[in-house]
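Because the structure is predicted, anything quoted here is derived from the model rather than measured.
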Amino acid sequence: MATSTALPLFSFLSSSIFLSSSHQTPKLSSLTFGATSLKTSTKPLSVTSELATLPVLSFNGEKIGETHLDLRSAPPDTARAVVHRAIVTDLQNKRRGTASTLTRSEVRGGGKKPYPQKKTGRARRGSMRTPLMPGGGVAFGPKPRDWSIKINRKEKRLAISTAMSTAAINTVVVEDFGDKFETPKTKDFIAAMKRWGIDPKEKSMFLMTEVSDNLRLSSRNIGTLKMLTPRTLNLYDILNSDKLVLTPAAVDYLNSRYGVNAYEGEGEDEEDYEGDEGEEGQGTEADVNSDATE
């Protein structure tokens, strides 16, 4: 049965996602996501299907067709919590947990009593390496620890598909342009972005199935741009982007991976995993360089 309820507007780390209207926090990004189009209720997984029609642009910026992005998304009353849990998992699992300080038993020195217990008029001291003295140990300092937390694989996948479906209003589909750059040239890449209606000063995320060497070299000097592949797709870069650029092959991948029929044939048991890397758990954006050069 089709419904027309819309998902809440998403803004990265802003009150529209994580806080109520009575608790406002400064926005870290100007990205706002809107939801439109048809939704089909699916009761078993308690999610909805978000259908969006996107124009397909040529390399010269002309409209040459349309495509559809049909992704699963969390219901409006739980979408904020699903995305929040997934992004917290990503950020927390990136922590190395190697910070360490010395306690009073580990710091050098302090073996001899500095002065007699009585008749000095001073406070009692058993060691000069007490936390109360300069050069002493740290009372409650950090020690190496494991910060990683787990999240269900399907829950993480639902968070990414929810973010992608709500970002459809800021998404552009461009024909495959990996072979358009005969030589690496950042100036040509910036000119192409302007033809597609993308401001190079705004944060943008490009999702492509394959990244050629010339394309990677042409875009790597643009500090506001993230060039991702399905292997390095992650929730943080989706939410932290003002514009999303997809290729038709990337749209097909998203529909097959996060679409209506994506969960069919999978077991009922959800496997826990640590989502500190890409959604596939195989790397981050830095791996694009190694993928393109291999």
Side-chain angles (χ1 to χ4, degrees), residues 6-7 10 12 31 33-40 42 45 47-57 64-75 79 82-83 86-87 90 151-178 196 198 203-211 215 225-266 273 275 277-285 287-288 291:
L7 289 175
F10 276 11
F12 181 47
L31 172 61
F33 290 154
T36 57
S37 309
L38 183 64
K39 294 182 182 180
T40 304
T42 52
L45 293 178
V47 297
T48 58
S49 174
E50 185 72 15
L51 178 62
T53 301
L54 304 175
V56 179
L57 304 181
I64 58 176
E66 292 183 346
T67 186
H68 299 282
L69 194 63
D70 191 9
L71 305 179
R72 287 175 176 262
S73 58
V82 170
V83 175
I87 195 64
D90 280 354
I151 184 174
N152 291 336
R153 188 177 299 273
K154 290 183 179 179
E155 185 179 1
K156 178 63 179 296
R157 192 187 305 178
L158 180 61
I160 291 181
S161 61
T162 299
M164 288 296 301
S165 62
T166 54
I169 192 174
N170 295 327
T171 301
V172 177
V173 180
V174 182
E175 65 175 351
D176 190 11
F177 54 92
W196 302 330
I198 303 174
K203 295 179 181 179
S204 58
M205 188 202 78
F206 284 68
L207 179 61
M208 305 180 63
T209 55
E210 295 182 1
V211 180
L215 181 60
L225 184 144
K226 293 286 186 179
M227 185 70 68
L228 304 182
T229 63
R231 184 173 183 262
T232 58
L233 179 63
N234 62 90
L235 182 61
Y236 184 91
D237 288 333
I238 297 174
L239 296 178
N240 197 34
S241 301
D242 298 316
K243 290 288 185 179
L244 274 64
V245 181
L246 311 176
T247 60
V251 174
D252 295 338
Y253 164 78
L254 292 174
N255 288 332
S256 62
R257 179 66 177 172
Y258 306 102
V260 179
N261 301 323
Y263 298 169
E264 293 183 358
E266 297 186 0
Y273 80 113
E277 299 174 346
E279 194 276 333
E280 304 295 337
Q282 297 176 336
T284 57
E285 183 227 353
D287 294 332
V288 175
D291 293 342

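In this structure, CG on L228 lies 11.0 Å from CZ on F206, to the nearest 0.5 angstrom. Atoms CG and CE, from L215 and M208 in turn, are 5.0 Å apart once rounded to the nearest 0.5 Å. A distance of 8.0 Å separates OG in S73 from CG in L71, rounded to the nearest 0.5 Å. Atom OG in S204 sits 12.0 Å away from atom CG in N170 (nearest 0.5 Å).
Contact between L244 and S241 at its shortest, heavy atoms only, is CD1-CB, 3.9 Å. Looking at every heavy atom in both residues, G178 comes nearest to D176 through N-OD1, 3.3 Å. For the residue pair V172 and L57, the shortest heavy atom distance occurs at CG1-CD1, 3.6 Å. Contact record, V82 with A74: CG2-CB, 4.3 Å, taken as the closest heavy-atom pair. Considering every non-hydrogen atom in both P248 and V174, the closest pair reads CD-O, 3.1 Å. Minimum heavy-atom separation, M164 to L69: O-CD2, 4.3 Å.
Here the side chains of V83 and T166 are not in contact, with every heavy-atom distance at 4.5 Å or above. Looking at heavy atoms from C-beta onward, T247 lies out of side-chain contact with L207 at the 4.5 angstrom threshold. Annotation: side chain of I160 is in contact with side chain of Y258 (closest heavy-atom distance under 4.5 Å). Contact annotation: the side chain of L233 approaches that of L254 to within less than 4.5 Å [non-hydrogen atoms, C-beta and beyond]. The shortest side-chain heavy-atom distance between T229 and T209 does not fall under the 4.5 Å cut-off. By the 4.5 Å heavy-atom criterion applied to side chains, R72 and R157 are not counted as neighbours. The closest side-chain heavy-atom distance from M205 to V245 is not below 4.5 Å.
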Check the pair D237 / N234 against side chain to side chain donor-acceptor pair (under 3.5 Å), numbers first and verdict last.
CA-CA 6 Å; D237 288 333; N234 62 90; 2.9 Å; yes
Could you go through K203 and N240, starting from their C-alpha distance and side-chain angles, then the distance that decides it, and tell me whether this counts as side-chain contact (heavy atoms from CB on, under 4.5 Å)?
CA-CA 7 Å; K203 295 179 181 179; N240 197 34; 3.2 Å; yes
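Relative ring orientation between F177 and W196 is described as tilted, the plane-to-plane angle lying within the 30° to 60° band.
Residues satisfying the side-chain contact (heavy atoms from CB on, under 4.5 Å) test with V56, not counting sequence neighbours, are I64, T67, V173.
For K156 and D90, the salt-bridge test passes: some basic side-chain N is under 4.0 Å from an acidic carboxylate O.
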